[in-house]
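What follows is one structure encoded as C-alpha cells, with my remarks underneath.
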Amino acid sequence: MNNIISISSDTRPCDTEEKQDNNLSETAINPIFEHNNWEYHSVSQLKQNITYWITDRLLLSMDVKNMKKDSILARYGRFIHELVQEVLFNNANQDQLVKSFQQDLKDRLNDYTEKDLFLVDALQTKYLKIYDSAIQAFKEMKIDALDTESKFSLKLKGLNLSIDGYVDFLTKHHCVELKTKWNRAREISDRYVVTSKLKNGDWSQRSRIFYTEEDAKAFKEMQKTETMIEFQKRHFQLDSAPTIKEPLKNDIMQVAVYSMAFKKKPMIIYATEKDSFCFTESNCDLLHEDNLKLHVERARRIASQRENLIKIVNGDVKKLTTIIEPPDLDDFFWDIGEEPRNEVKKIWKI
C-alpha cells in the first residue's frame, strides 16, 4: 500500500493568532472547496477521525446522509441540552418537552439494533437524572447565561477556510460547554454462572463464569460444597455511571477554539446520572491559557491537513479513496444503519 498518504501530525510551526480580513492570498477561497460545497471547518467535525470525515463530509450524497441512523446516545444528549436551554433559560414547560421527546423516540426507531432498543428502554430511568445533574452544576457554578447557541467564525493563519460553530452557553466571563456522559452498554454472551454455598448456609456473592455447560459441570464436580449452575441467556447491561477525572482531549480542543473566538475563559461541565464534574482554569491546569493555545494549534493543523488533502486531489474527492486507508466499519463511527453502511462499502470498495 505504497500509495497510502500519512496524515499524522503536521509539525510545521505556525502562528495561531486570529487573522483579520485583509485579503491575503492565503485566505482566498479556493474554487475546489466551493466545487465540493465546503465553506468552513466545523469544530465537531475536527473531532472526527479522518476517514469518517472524508466519507461523511465529501463522499456521501445528501440522500444517503438523510438515511443515517441517529445514535440513541446522541438523541438523548441533544434533548438534555434542549431541556437545559429551554427550561432553565427560556422558562419552557418541562413536561411538554419530555412528552414531545418521548413521542419522537417512538416515531423514529427504524433500523435500530437490539442494543439500540435496549438503550432506549434502559436510559428511560437515567436521562432525567443526568438533566438534574446538569441543572445542579449550573446552579453551583452560578451560571447565568447571556446567550445560548452563539455562533462564531474564527480565522486562523494558513487556512483557506474559517472554523465555524456554536457555543452552548455564554456568560459574562466564560464559554460553557455541557457534555452528557452515559452509562456504557455491554453485551453479555450466553454463559453459565456457578455459585457455591458458604458454611453458614448462604450463597456466595462471588461466582465463576463459564461459556460452555461442560466446563461449568466439570467445575461443579470439583467443589466440596453444594454448588448451583445458573444459565444466563445473552443480554445487555449498563455499567455504572462514569467518573470524569479530567476533560477529554477533544473537548479541550473544542473549548479552546471557543475561548479564542469569544475572548472568554472556558468551562466544561460533564453530567452523569450520579453527579456532575465542572472544569475551569481554577481547578484544571489543562484549561490554562498556554495549553489552550496548543489545542487551537492542534485544531489548525487538523484543518490544514484536510485542506491539503483536497488540494492534492485537485478537488476530485473520489480520488481520496485511493490514497487514504479505508474505514474500519467495526468502529462505532460507522453504526449508521444498513443502507448507509452499504454505500460506504461501495464507495471504498470494501
Side-chain angles (χ1 to χ4, degrees), residues 7-21 26-27 40-50 53 77 81 84 134 137-138 140-181 242-271 276-308:
I7 53 170
S8 56
S9 70
D10 173 1
T11 57
R12 294 169 298 170
C14 179
D15 181 5
T16 57
E17 290 300 314
E18 290 181 77
K19 184 182 299 179
Q20 303 300 318
D21 291 326
E26 64 180 352
T27 64
Y40 59 87
H41 297 280
S42 161
V43 181
S44 60
Q45 289 178 0
L46 291 177
K47 297 164 64 174
Q48 296 169 350
N49 72 53
I50 186 64
W53 175 80
H81 278 73
V84 173
F138 273 64
E140 289 178 357
M141 300 303 291
K142 296 181 172 56
I143 295 174
D144 182 15
L146 300 178
D147 200 0
T148 59
E149 295 293 337
S150 298
K151 186 176 182 179
F152 70 89
S153 182
L154 181 66
K155 295 182 179 180
L156 299 177
K157 286 185 178 180
L159 297 183
N160 289 108
L161 305 176
S162 59
I163 301 177
D164 293 11
Y166 295 84
V167 66
D168 284 350
F169 305 93
L170 279 182
T171 72
K172 184 176 181 180
H173 300 291
H174 288 91
C175 304
V176 183
E177 180 68 14
L178 172 62
K179 301 291 185 184
T180 54
K181 289 299 177 182
T243 298
I244 313 299
K245 296 182 178 180
E246 63 181 25
L248 302 181
K249 182 179 180 180
N250 276 345
D251 296 339
I252 298 173
M253 182 177 72
Q254 186 175 0
V255 297
V257 171
Y258 295 164
S259 181
M260 175 171 283
F262 288 100
K263 306 300 184 186
K264 295 177 184 287
K265 297 178 180 179
M267 179 187 299
I268 306 177
I269 297 175
Y270 294 98
S276 59
F277 306 85
C278 303
F279 298 99
T280 67
E281 66 171 8
S282 65
N283 65 3
C284 180
D285 290 344
L286 295 174
L287 295 182
H288 284 183
E289 183 178 0
D290 288 345
N291 196 51
L292 294 179
K293 289 181 179 179
L294 294 177
H295 280 276
V296 172
E297 172 62 6
R298 175 172 168 248
R300 187 204 67 79
R301 287 178 174 173
I302 293 172
S304 177
Q305 289 165 351
R306 295 182 180 185
E307 290 185 6
N308 288 337

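No hydrogens, no waters, no symmetry mates; every other heavy atom, side chains included, goes into these values. Fair warning: this is a prediction, and the values are worked out from it, not measured in the lab.
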Measure across [X] and [Y] and return the closest heavy-atom pair with its distance rounded to 0.1 Å.
{"X": "E307", "Y": "N160", "result": "OE1-N, 2.9 Å"}
{"X": "V296", "Y": "L156", "result": "CG1-CD1, 4.0 Å"}
{"X": "A137", "Y": "C278", "result": "CB-SG, 3.7 Å"}
{"X": "M253", "Y": "L46", "result": "CE-O, 3.9 Å"}
{"X": "L292", "Y": "L286", "result": "CD2-O, 4.3 Å"}

Partners meeting side chain to side chain contact (heavy atoms under 4.5 Å, CB included) with [X] (sequence neighbours left out):
{"X": "D285", "answer": "H288"}
{"X": "K265", "answer": "H174, E281"}
{"X": "D168", "answer": "H81, E149, E177, L178"}
{"X": "T243", "answer": "F277"}

key: Contact list for residues 246-257, test salt bridge (Lys or Arg N to Asp or Glu O under 4.0 Å), sequence neighbours left out   = K47-D251, K179-D251

Going from [atom1] on [X] to [atom2] on [Y], what distance comes out if it is rounded to the nearest 0.5 angstrom?
{"X": "Q45", "Y": "I302", "atom1": "CD", "atom2": "CD1", "value": "12.0 Å"}
{"X": "L161", "Y": "R306", "atom1": "CG", "atom2": "CZ", "value": "12.0 Å"}
{"X": "L287", "Y": "H295", "atom1": "CG", "atom2": "NE2", "value": "8.5 Å"}
{"X": "I143", "Y": "H173", "atom1": "CD1", "atom2": "NE2", "value": "13.0 Å"}
{"X": "R300", "Y": "Q305", "atom1": "CZ", "atom2": "CD", "value": "9.0 Å"}
{"X": "C175", "Y": "Q254", "atom1": "SG", "atom2": "CD", "value": "11.0 Å"}

Ring pair (Phe, Tyr, Trp, His ring centres under 6.0 Å) partners for [X], two or more places apart:
{"X": "F169", "value": "F89, F138"}
{"X": "Y166", "value": "none"}
{"X": "H41", "value": "W38"}

ask   = With side chains defined as the heavy atoms from C-beta onward, is the minimum distance between V257 and R298 less than 4.5 Å?
value = no

key: Min side-chain heavy-atom separation Y270-P247 under 4.5 Å   = yes

ask   = Can you tell me if N308 uses its side chain to pair, donor with acceptor, with the backbone of S304 under 3.5 Å?
value = yes

task = Mark yes or no for whether S162, through its side chain, and D164, through its backbone, hold a donor-acceptor pair below 3.5 Å.
result = no

request  = Go through the steps for E297 and K293 under the test salt bridge (charged side-chain N to carboxylate O under 4.0 Å, His left out), then give the verdict.
outcome  = CA-CA 6 Å; E297 172 62 6; K293 289 181 179 179; over 6 Å; no

task = Assess whether side chain to side chain contact (heavy atoms under 4.5 Å, CB included) is satisfied between V43 and F152, documenting all intermediate values.
result = CA-CA 11 Å; V43 181; F152 70 89; 3.5 Å; yes

In chain order, what residues pass the side-chain hydrogen bond (donor to acceptor under 3.5 Å, both in side chains) check against [X], with sequence neighbours excluded?
{"X": "S276", "result": "none"}
{"X": "T180", "result": "W182"}
{"X": "D147", "result": "S150"}
{"X": "E289", "result": "none"}

message = Tell me whether D144 at atom CG has more than 12 heavy atoms from other residues, nucleotides or ligands lying less than 6.0 Å away.
response = no

ask   = Would one find more than 12 heavy atoms of other residues, nucleotides or ligands at under 6.0 Å from atom OH of Y40?
value = no

task = Might you work through the side chain to side chain contact (heavy atoms under 4.5 Å, CB included) test for M141 and T171, ending with a clear yes or no?
result = CA-CA 11 Å; M141 300 303 291; T171 72; over 6 Å; no

